[in-house]
A.B. asks: 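I'd like to ask some things about the structure below.
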Amino acid sequence: IIFIYLSSIFTSAMNKPNWKIYYEDTKVKILYQKQDCDFNNQFDQEFVFLKIENLSSQSITLKWDEKIWYDESCINCEQDSPEFRKVTRVEKGKTLEGNCSENNALRIFSKFTEKLEDMPGVDKIVKLTKFELENLKITNE
């Protein structure tokens, strides 16, 4: 019984979210964390999920340019592509959080988590080493 109790405490501690603050002001708080996602129809992956808390009494819209580095090299710093321009709306007093099932502005691919030999067609596993939300603009609605 003691073993089961201790293992359940350990498991819940391991699954506890580990959010870190990326940006905060009087209107909004943006947090992030890495999390593994297991998929049935594609390779398992790790993502950085964003969590946006609207601290204001109005709905807000956030816009930013996502800059991402894999293996210490920025893959889109010289580009101005719509693919990396993000927009999201958060109702007053609400929180939006990225997850494994939705591919949206709140999810950044980090790396594949399966072994290279288990992923035919993949030559190298690159890893997200840095991300930035540049030109962050927050507007009230």
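Keep in mind the model is a prediction, meaning the values are calculated, not measured.
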A.B. asks: Check whether Glu141 reaches the backbone of Thr139 with its side chain - one donor and one acceptor, N or O, closer than 3.5 Å.
C.D. replies: no
A.B. asks: Please check: side-chain N/O of Arg85 versus main-chain N/O of Asp80, any donor-acceptor pairing under 3.5 Å?
C.D. replies: yes
A.B. asks: Is the closest side-chain donor-acceptor distance between Asn140 and Gln58 under 3.5 Å?
C.D. replies: yes
A.B. asks: Looking at residues at least two apart in the chain, or sitting in another chain, which of them share a salt bridge (charged side-chain N to carboxylate O under 4.0 Å, His left out) with Asp25?
C.D. replies: none
A.B. asks: Rounded to the nearest 0.5 Å, what separates atom CD1 in Ile138 from atom OG1 in Thr61?
C.D. replies: 10.5 Å
A.B. asks: Does Thr129 reach the main-chain N or O of Glu72 with its side chain, forming a donor-acceptor pair under 3.5 Å?
C.D. replies: yes
A.B. asks: Would you call the rings of Tyr70 and Phe109 parallel, tilted or perpendicular, taking 30° and 60° as the class edges?
C.D. replies: tilted
A.B. asks: Does Tyr23 reach the main-chain N or O of Leu133 with its side chain, forming a donor-acceptor pair under 3.5 Å?
C.D. replies: no
A.B. asks: Verify the distance criterion only: is there a donor paired with an acceptor across the side chains of Glu46 and Thr113 at less than 3.5 Å?
C.D. replies: no
A.B. asks: Cut-off 3.5 Å, side chains only: do Ser56 and Asn54 have a donor facing an acceptor?
C.D. replies: yes
A.B. asks: Using 0.5 Å steps for rounding, measure from the OH atom of Tyr32 to the NZ atom of Lys20.
C.D. replies: 5.0 Å
A.B. asks: Any chance you could measure Lys29, atom NZ, to Leu55, atom CG, to the nearest 0.5 Å?
C.D. replies: 7.0 Å
A.B. asks: With distance as the sole test, does Arg107 use its side chain to make a donor-acceptor pair with the main-chain N or O of Cys100 at under 3.5 Å?
C.D. replies: yes
A.B. asks: Given side-chain contact (heavy atoms from CB on, under 4.5 Å), test Leu106 with Ile52 step by step and report yes or no.
C.D. replies: CA-CA 8 Å; Leu106 304 178; Ile52 302 175; 3.6 Å; yes
A.B. asks: Please list, chain by chain and in numerical order, all residues satisfying side chain to side chain donor-acceptor pair (under 3.5 Å) with Lys34, sequence neighbours excluded.
C.D. replies: none
A.B. asks: Restricting to salt bridge (charged side-chain N to carboxylate O under 4.0 Å, His left out), what partner residues turn up for Glu102, sequence neighbours left out?
C.D. replies: none
A.B. asks: In Å and rounded to the nearest 0.5 Å, what is the CZ to CG distance from Phe43 to Asp38?
C.D. replies: 14.0 Å
A.B. asks: Do any pairs count as a disulfide bond (SG atoms under 2.5 Å apart) and have a residue in residues 106-141, sequence neighbours left out, and if so which ones?
C.D. replies: none
A.B. asks: So, for Lys63 and Val87, which heavy atoms are closest and what is the spacing to 0.1 Å?
C.D. replies: CG-CG2, 3.8 Å
A.B. asks: If you compare all heavy atoms of Ile60 against all heavy atoms of Leu62, which two are closest, and at what distance to 0.1 Å?
C.D. replies: CD1-CD1, 3.9 Å
A.B. asks: Could you tell me which residues satisfy salt bridge (charged side-chain N to carboxylate O under 4.0 Å, His left out) with Lys115, sequence neighbours excluded, listed by chain and number?
C.D. replies: none
A.B. asks: Do Cys74 and Trp69 have side chains that approach each other closer than 4.5 Å (heavy atoms only, starting at C-beta)?
C.D. replies: yes
A.B. asks: I need the Cys77 SG to Glu132 CD distance, nearest 0.5 Å.
C.D. replies: 7.5 Å
A.B. asks: Using the test salt bridge (charged side-chain N to carboxylate O under 4.0 Å, His left out), find all partners of Lys27 that sit at least two apart in sequence or belong to another chain.
C.D. replies: none
A.B. asks: Determine, for Asp65 against Lys86, whether the closest basic-nitrogen to carboxylate-oxygen distance falls under 4.0 angstrom.
C.D. replies: no
A.B. asks: Any side-chain heavy-atom pair from Gln45 and Phe39 closer than 4.5 angstrom?
C.D. replies: yes
A.B. asks: Minimum heavy-atom separation for Glu114 and Ile125, please, with both atom names.
C.D. replies: O-CD1, 3.4 Å
A.B. asks: Looking at Phe112, is its backbone amide N or carbonyl O close enough to the side chain of Asp44 to form a donor-acceptor pair, meaning the two atoms are under 3.5 Å apart?
C.D. replies: no
A.B. asks: Taking C-beta and beyond as the side chain, do Trp64 and Thr88 meet within less than 4.5 Å on heavy atoms?
C.D. replies: yes
A.B. asks: Do Trp19 and Lys51 touch side chain to side chain, with heavy atoms closer than 4.5 Å?
C.D. replies: yes
A.B. asks: About how many Å separate CD of Glu53 and CD1 of Ile30, when rounded to the nearest 0.5 Å?
C.D. replies: 10.5 Å
